[in-house]
Amino acid sequence: MSARLINKIAMLILWLTGFFIIALLCVFLGYILYKGVPVLSVHFIFGKSSDISAGGGVGAQLFNSFYMLFLSLLISVPVALGAGIYLAEYARNNVVTKIIRLSTESLATVPSIVLGLFGMIVFVNMAGLGFSILSGTFTLVLLNLPLLVRVTEESIKLVPQAYRETSLAIGATKWQTIYKVVLPSALAGIITGIILTAGRALGETAILIFTAGTTVSRYMFDTDVMAAGETLAVHLWYLMSVGLVPDRGLIADGIGALLIIMILLFNLVLTIPLRIIQKRMGIIK
């Protein structure tokens, strides 16, 4: 068998595998949207939930999901950005740096339920924060940081060294080179990491069950960080495990569709402005 034929067979197998994965994803998402989209309404999306009566909404849970996501990214993104810049641009290749990278990679592989138990022990019990939005936020930060740090470091490392040398050659300082040359070039990879992290955080349940709780504030859209912080994913789990609501199946279908739509919208909100900025900077055409 010739090398050209082997190459064609291998390419065919790869294409078929790719199409199979895409088709499987389309079937999976399509079924969830088919079951859930008819449930969605203004009352369902923004209304109050009910523990025993049919016809409740998920407004408070939707707000809590994005509120905790915003707070966790507000803390983790600057920290991860600083750590990634340090590891990629300043840190020497020594034992300490290797330990930091190993610790980051190890933390990224910790099961979320372990982080949830850790958050319950440290933030809920020891720090006395109770089952609250703040406890869930701090635990989500622990979930977000490893991935964001690694993605930031690798995105910065992928920027060609010639960019740095050219900037330094025309008189820019190292920090000016990082801020005005390296970071804009690495922005696409960093934003991708933020999107992946946000999607994971929006669908997280194990962490938030043990830290944010399975109840919501009596007030709609409560910004009090000490209030209970049940999210959409946690509400879905609660309904299908111990919920007493008669129409819990319909509510679960609606939550599934709503989560998918929210994640897609979140991706567009970050991706479209990024493409516009890159075109204006001349990074892409």
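It should be emphasised that the depicted structure is a prediction, and the values quoted were computed from it without experimental measurement.
The shortest non-hydrogen separation linking Thr139 to Leu115 is CG2-O, 3.4 Å. Contact between Val151 and Gly193 at its shortest, heavy atoms only, is CG1-CA, 3.7 Å. Across every non-hydrogen atom of Ala88 and Ile156, the tightest pair is CB-CG2, 3.6 Å. For Leu143 against Glu204, the heavy-atom pair with the smallest separation is CD2-OE1, 3.9 Å. Smallest separation of non-hydrogen atoms from Ser217 and Asp222: OG-OD2, 2.7 Å.
Distance check, rounded to the nearest 0.5 Å: CD1 of Ile9 to CG of Leu14 gives 12.0 Å. With values rounded to the nearest 0.5 angstrom, Thr223 atom OG1 is found 12.0 Å from Tyr219 atom OH. Between Leu33 atom CG and Leu264 atom CG the span is 8.0 Å, to the nearest 0.5 Å. The CD atom of Glu153 sits 9.5 Å away from the CD1 atom of Ile100 when rounded to the nearest 0.5 Å. The structure places CD1 of Ile99 at 11.5 Å from OG1 of Thr104, a figure rounded to the nearest 0.5 Å. Here the CG-CD1 distance, from Leu29 to Ile260, works out to 5.0 Å after rounding to the nearest 0.5 Å.
Ile178 places a side-chain heavy atom less than 4.5 Å from the side chain of Ile85. Annotation: side chain of Val110 is in contact with side chain of Leu107 (closest heavy-atom distance under 4.5 Å). Using a 4.5 Å heavy-atom threshold, the side chains of Leu236 and Gln61 count as separate.
Using a cutoff of 4.0 Å between basic side-chain nitrogens and carboxylate oxygens, Arg101 and Glu105 are not scored as salt-bridged.
Heavy-atom neighbours of Lys157 NZ from other residues, nucleotides or ligands within 6.0 Å: above the threshold of 12. By the neighbour-count criterion of 12 heavy atoms within 6.0 Å, atom CZ of Phe221 is densely surrounded, having more than that number from other residues, nucleotides or ligands.
Both Ile32 and Ile251 are assigned to one and the same hydrophobic cluster, defined by single-linkage of ILVMFWY side chains at heavy-atom distances under 4.5 Å. Cluster membership check: Ile195 shares its hydrophobic cluster with Ile261, using side-chain heavy-atom separations under 4.5 Å among Ile, Leu, Val, Met, Phe, Trp and Tyr. The cluster map of Ile, Leu, Val, Met, Phe, Trp and Tyr, joined by side-chain heavy atoms under 4.5 Å apart, puts Met11 and Ile21 in different clusters. Note: the hydrophobic cluster containing Leu69 also contains Val77 (ILVMFWY, side chain heavy atoms under 4.5 Å, direct or indirect links). Criterion: ILVMFWY side-chain heavy atoms under 4.5 Å apart, direct or through other members. Under it, Leu134 and Leu71 are part of a common hydrophobic cluster.
Using a distance-only test at 3.5 Å, with no hydrogens or angles considered, a donor-acceptor pair links the side chain of Ser106 to the main chain of Leu102. Between the Asn64 side chain and the Thr231 main chain, no donor and acceptor come within less than 3.5 Å of each other. One N or O on the side chain of Gln176 and one on the backbone of Thr173 form a donor-acceptor pair closer than 3.5 Å. A donor-acceptor pair under 3.5 Å is absent between the side-chain atoms of Thr205 and the main chain of Ala233, judged by distance alone. In this structure, Ser135 contributes its side chain and Phe131 its backbone to no donor-acceptor pair below 3.5 Å. Under a 3.5 Å cut-off, the side chain of Asp247 and the backbone N or O of Gly55 do form a donor-acceptor pair. Remark: side-chain polar atoms of Ser167 are not paired, donor with acceptor, to backbone N or O of Tyr163 under 3.5 angstrom. A donor-acceptor contact shorter than 3.5 Å links the side chain of Thr97 to the backbone of Arg92.
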Intermediate values then yes/no, side chain to side chain contact (heavy atoms under 4.5 Å, CB included), Val58 and Ser49: CA-CA 5 Å; Val58 293; Ser49 59; 5.6 Å; no
Next item on the list: For the pair Ile133 and Met226, evaluate side chain to side chain contact (heavy atoms under 4.5 Å, CB included) and give the outcome as yes or no after the intermediate values.
Entry: CA-CA 6 Å; Ile133 290 174; Met226 299 306 296; over 6 Å; no
Exercise for review: Quick one: do Met220 and Phe46 satisfy side chain to side chain contact (heavy atoms under 4.5 Å, CB included)? Show the steps, please.
Suggested key: CA-CA 9 Å; Met220 287 291 289; Phe46 299 105; 5.6 Å; no
**OP:** Test side chain to side chain contact (heavy atoms under 4.5 Å, CB included) on Val122 and Phe138 and set out the steps.
**Re:** CA-CA 10 Å; Val122 175; Phe138 286 153; over 6 Å; no
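Using bins of under 30°, 30° to 60° and over 60° for the plane-to-plane angle, the ring pair Phe118/Phe123 lands in the perpendicular bin.
Cation-pi check for Lys174 over Tyr90 is met; the charged atom lies under 6.0 angstrom from the ring centroid and within 45 degrees of its normal.
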